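Heads up, the thing below is written out as structure tokens.
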Amino acid sequence: MGPAPQPVLKPKLAGWMFDRNISQRTAAQALACSKQTISNITQPFSSDTRTVPHEDLLARIVEWTKGDVTAADFYPPHLNGHVRAREDVQ
């Protein structure tokens with residue numbers, strides 16, 4: 001057997017939604033944005049289509065997740081100052 005593949009790192013919101021079985025459609029409704037926006041902001045850090053939410057949406061995300069997901073969580077671990085927990089990786 002060869003080496004294990006590297007995990008695909010995604011913004012914390014992706015893991016937060018996964019852990020709670022929340023669909024992109026449900027998240028979009030809760031956050032007053034489009035499903036495409038949710039798809040874009042939860043793409044792997046390596047994705048060319050990934051975007052970072054704007055300030056108003058970030059505020060809604062922080063409120064909706066009760067502070068579990070913050071602005072720093074939309075940046076890769078080497079930039080956000082946080083050590084990623086295994087549950088944040090999908």
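Given the structure is predicted, the values throughout are model-derived calculations rather than measurements.
- Annotation: side chain of Leu13 is in contact with side chain of Ile41 (closest heavy-atom distance under 4.5 Å).
- Looking at heavy atoms from C-beta onward, Leu57 lies in side-chain contact with Leu31 at the 4.5 angstrom threshold.
- The NZ atom of Lys12 sits 8.0 Å away from the OG1 atom of Thr65 when rounded to the nearest 0.5 Å.
- Nearest heavy-atom pair across Ile22 and Ala27 is CG2-N, 4.0 Å.
- Here Ser23 contributes atom OG and Lys35 contributes atom NZ; the two are 8.0 Å apart, rounded to the nearest 0.5 Å.
- Heavy-atom neighbours of Arg20 CZ from other residues, nucleotides or ligands within 6.0 Å: above the threshold of 12.
- Counting only heavy atoms from C-beta outward, the side chains of Phe74 and Ile61 approach each other to under 4.5 Å.
- Heavy atoms only, all atoms of each residue included: Pro76 and Arg50 are closest at CD-NH2, 4.4 Å.
- No side-chain N or O of Thr37 forms a donor-acceptor pair with one of Asn40 less than 3.5 Å apart.
- Here the closest heavy-atom approach between residue Thr42 and residue Ile38 is recorded as OG1-O, 2.7 Å.
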Query raised in the report: When you look at Lys10 and Asp73, which way does the salt bridge (charged side-chain N to carboxylate O under 4.0 Å, His left out) test go after all the steps?
Result: CA-CA 9 Å; Lys10 294 183 178 182; Asp73 296 317; over 6 Å; no
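- Tyr75 and Val62 sit in two unconnected hydrophobic clusters of ILVMFWY residues. Membership requires side-chain heavy atoms under 4.5 Å apart, directly or through other members.
- Residues Asp68 and Trp16 approach most closely at OD2-NE1, 3.1 Å, considering heavy atoms.
- To the nearest 0.5 Å, the span separating CG on Asn80 from CZ on Phe45 amounts to 6.5 Å.
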Requested in this report: Could you go through the side-chain contact (heavy atoms from CB on, under 4.5 Å) check for Met17 and Gln24 one step at a time?
Outcome: CA-CA 8 Å; Met17 289 169 50; Gln24 289 183 352; 4.2 Å; yes
